[in-house]
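Here the structure comes first, spelled out in structure tokens, and everything after it is commentary.
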Amino acid sequence: STIVLVFEAPVARADPGAPASGAGGEAGGFHWQVEKGQKVQVGQALGRI
Amino acid sequence: LRTALRNTKVQWYQIPVGLGIGFLGLVQFYKVSSREKEAQEQAARGGEPESRPKKRPRIRPDGPWQVQVMSTLPLKALSRLWGRFNELTIPYYLRVPGFKLYSWVFGVKIHEASEDDLHVYPNLASFFYRQLKPGVRPLDPDPHALLSPADGVVLQFGQIEGGDIEQVKGMTYNIDALLGETTPSTSRSSSGLSTPSDNQARHGEKTLTAEEELVKSDEEFARVNGISYTLPNLLSGPAMAQPHEEATDQSVKPSPVSVSEVRADLALGEKPWYSLLSHESSKTALYYAVVYLSPGDYHRFHSPTNWVVERRRHFAGELYSVSPYLQRTLPGLFTLNERVVLLGRWRYGFFSFVPVGATNVGSIVVNFDRELRTNSLTTDTAADRAAEEAAARGEPYSGFAEATYEAASPVLHGHALRRGEEMGGFQLG
């Protein structure tokens with residue numbers, strides 16, 4: 001079985017002055033917190049805004 | 001056994017003539033019944049009864065040669081047979097060793113199951129759809145986190161570019177093919193739920209032309225990357241409710257806690273989310289994630305965030321395996337399989353949740369939609385009929401049956417789900 005999520009979220013914007021909250025110093029938008037092939041459990045964060 | 005086989009005398013008897021006559025009579029009776037039923041259905045649809053019943057051609061999915069080859073296999077029948085087999089009651093004393101063997105093979109964490117005594121599960125189907133002990137899956141405390149809906153493996157994730165989702169590296173499929181076209185003019189509700197077009201007909205409204213739909217869409221819809229959304233009424237309250245009829249029986253109502261919590265969360269945005277959805281806006285984008293559940297995983301799924309489900313689309317499709325191997329080798333697998341597309345919105349805009357069925361699993365259950373029937377012979381027949389009717393009208397068949405959940409909550413215009421709340425699951429067969 002498979003679950004596909006498709007959703008809209010704010011785009012991470014490049015903000016050199018802000019503390020890095022995602023890869024590449026992006027801030028304020030959605031960023032993933034998983035890797036491909038990673039095992040996850042219900043309730044674990046896939047990403048954050 | 002060898003002695004018995006060797007020494008037992010084999011004696012042949014003629015089949016009684018009466019038995020042969022009875023068999024032929026049964027076949028003839030079946031043929032006549034089928035013919036009469038076909039004629040009645042034809043008359044009910046308003047057409048002239050055909051003198052000789054014609055077998056309805058099975059709708060085959062388009063796709064590459066792998067799909068055509070696999071389409072020849074009775075995968076749904078196998079799935080149903082597998083489901084029936086797994087519903088057979090296992091003898092009491094075989095349950096514990098049987099389930100422990102299954103757990104050893106597929107890596108089930110038995111100690112997490114709500115029932116410590118494996119004797120409680122009468123068959124594999126109930127063990128497969130087991131519940132977890134309270135507290136074994138704590139939710140991420142960050143309210144801005146998007147949670148995993150199920151136990152499994154993250155196969156793919158990313159941002160949708162140009163309306164395409166990447167199944168595996170270099171293999172993409174279109175988001176419209178996954179979720180369905182935005183105008184459900186040819187959809188039919190196999191479960192008896194109302195469709196938008198049905199609603200219009202009941203209210204005596206004329207069917208909108210494509211141009212009128214476009215004008216209407218400017219008023220009521222916003223469009224980003226090829227997906228349209230109804231504008232939210234939740235921020236303005238019930239006064240802005242759209243005057244159309246909704247699905248009559250959505251049985252499980254959302255709890256007041258869910259409604260209030262989801263409403264509060266949606267209202268937390270600094271400004272209405274639809275203000276971000278203008279054509280020129282690049283503040284939001286569409287993202288996707290694919291989570292694969294292996295046979296040993298906990299097979300219920302939960303809400304990844306606070307959101308409102310506005311409608312569901314059931315694509316009867318087929319039931320191919322969704323194993324990582326087939327995902328690598330079968331292009332557009334998710335757009336061919338049976339799936340339930342739940343469409344709605346969350347704090348940041350559009351949100352959809354798509355459980356995709358598989359041969360070895362079969363049925364998709366949505367807790368708040370008891371009229372939904374997946375992996376069902378009735379649904380298949382209804383889908384075939386809808387495809388035929390669409391072809392007769394000269395229209396393309398959208399391939400799904402749609403229902404709306406607006407009646408579930410007059411304030412939110414949909415079914416409210418809290419983060420972590422159980423939504424449904426996958427069952428065997």
Side-chain angles (χ1 to χ4, degrees), chain A, chain B residues 132 137-140 142 144-160 165 175 178-179 224 227 276-277 282-293 298-302 304 322 327 334 337 339 346 348-358 361 364 420 426:
Chain A
S1 315
T2 306
I3 295 172
V4 183
L5 300 177
V6 179
F7 55 93
E8 184 180 9
V11 179
R13 61 183 184 280
D15 189 359
S21 59
E26 292 173 335
F30 182 80
H31 56 278
W32 297 98
Q33 293 210 315
V34 287
E35 301 288 335
K36 283 179 187 174
Q38 181 182 331
K39 292 201 80 164
V40 290
Q41 291 187 329
V42 173
Q44 186 178 334
L46 294 177
R48 292 181 201 282
I49 296 171
Chain B
L132 295 180
R137 293 286 182 273
L139 305 182
D140 191 290
D142 182 1
H144 301 293
L146 181 75
L147 307 179
S148 171
D151 286 5
V153 175
V154 178
L155 290 186
Q156 287 292 327
F157 62 85
Q159 190 171 333
I160 295 176
I165 300 175
I175 191 171
L178 176 75
L179 304 181
V224 169
I227 297 181
L276 303 175
L277 294 180
S282 60
K283 291 179 180 174
T284 61
L286 284 177
Y287 296 85
Y288 72 96
V290 180
V291 179
Y292 169 72
L293 290 74
Y298 165 66
H299 262 74
R300 293 174 187 243
F301 46 75
H302 296 244
V322 290
Q327 290 191 33
F334 298 142
N337 269 42
R339 60 198 180 279
W346 69 324
Y348 302 100
F350 172 77
F351 197 92
S352 69
F353 186 103
V354 188
V356 184
V361 179
I364 302 167
F426 297 98

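To find a chain, count down the sequence lines: A is the first, B the second, and so on, and within it residues start at 1.
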Could you pull out all residues at least two apart from B:Tyr287 that satisfy side-chain hydrogen bond (donor to acceptor under 3.5 Å, both in side chains)? none
Would you mind checking which part of B:Ala145 comes under 4.5 Å of any heavy atom in chain A, side chain (CB onward), backbone (N, CA, C, O), both or neither? both
Begin with the C-alpha distance, continue with both residues' side-chain angles, and end with the deciding distance and a verdict on side chain to side chain contact (heavy atoms under 4.5 Å, CB included) for B:Tyr348 and B:Thr284. CA-CA 8 Å; B:Tyr348 302 100; B:Thr284 61; 5.8 Å; no
Of the listed residues (B:Asn337, B:Ile364, B:Asp142), which shares the most heavy-atom pairs with chain A below a 4.5 Å separation? B:Asp142
Full working for side chain to side chain contact (heavy atoms under 4.5 Å, CB included) between B:Leu146 and A:Phe30: CA-CA 9 Å; B:Leu146 181 75; A:Phe30 182 80; 4.1 Å; yes
Could you tell me the separation between the NZ atom of A:Lys36 and the CD atom of B:Gln156, rounded to the nearest 0.5 Å? 4.0 Å
Bottom line for B:Phe426: the part with an atom under 4.5 Å from chain A's heavy atoms is side chain
Is B:Val361 close to chain A through its backbone or its side chain, or both, or neither, when contacts mean heavy atoms under 4.5 Å? side chain
Heavy-atom pair count under 4.5 Å with chain A, highest-scoring of B:Gly420, B:Pro355, B:Gly357, B:Ser352: B:Ser352
Counting heavy-atom pairs closer than 4.5 Å to chain B, which one of A:Leu46, A:Val42, A:Val40 comes out on top? A:Val42
Among B:Pro304, B:Ser148, B:Gly158, B:Pro138, single out the residue with the greatest number of heavy-atom pairs under 4.5 Å to chain A. B:Ser148
One should read off an interatomic distance between B:Phe353 CZ and B:His302 NE2, to the nearest 0.5 angstrom, of 9.5 Å
By salt bridge (Lys or Arg N to Asp or Glu O under 4.0 Å), which residues pair with B:Arg300, not counting sequence neighbours? B:Glu422
Can you tell me if B:Asp140 uses its side chain to pair, donor with acceptor, with the backbone of A:Gln44 under 3.5 Å? no
Residue, of A:Gly37, A:Ser1, A:Ala9, A:Gly47, that accumulates the most heavy atom pairs under 4.5 Å with chain B: A:Ser1
B:Pro149 portion near chain A, given a 4.5 angstrom heavy-atom threshold: both
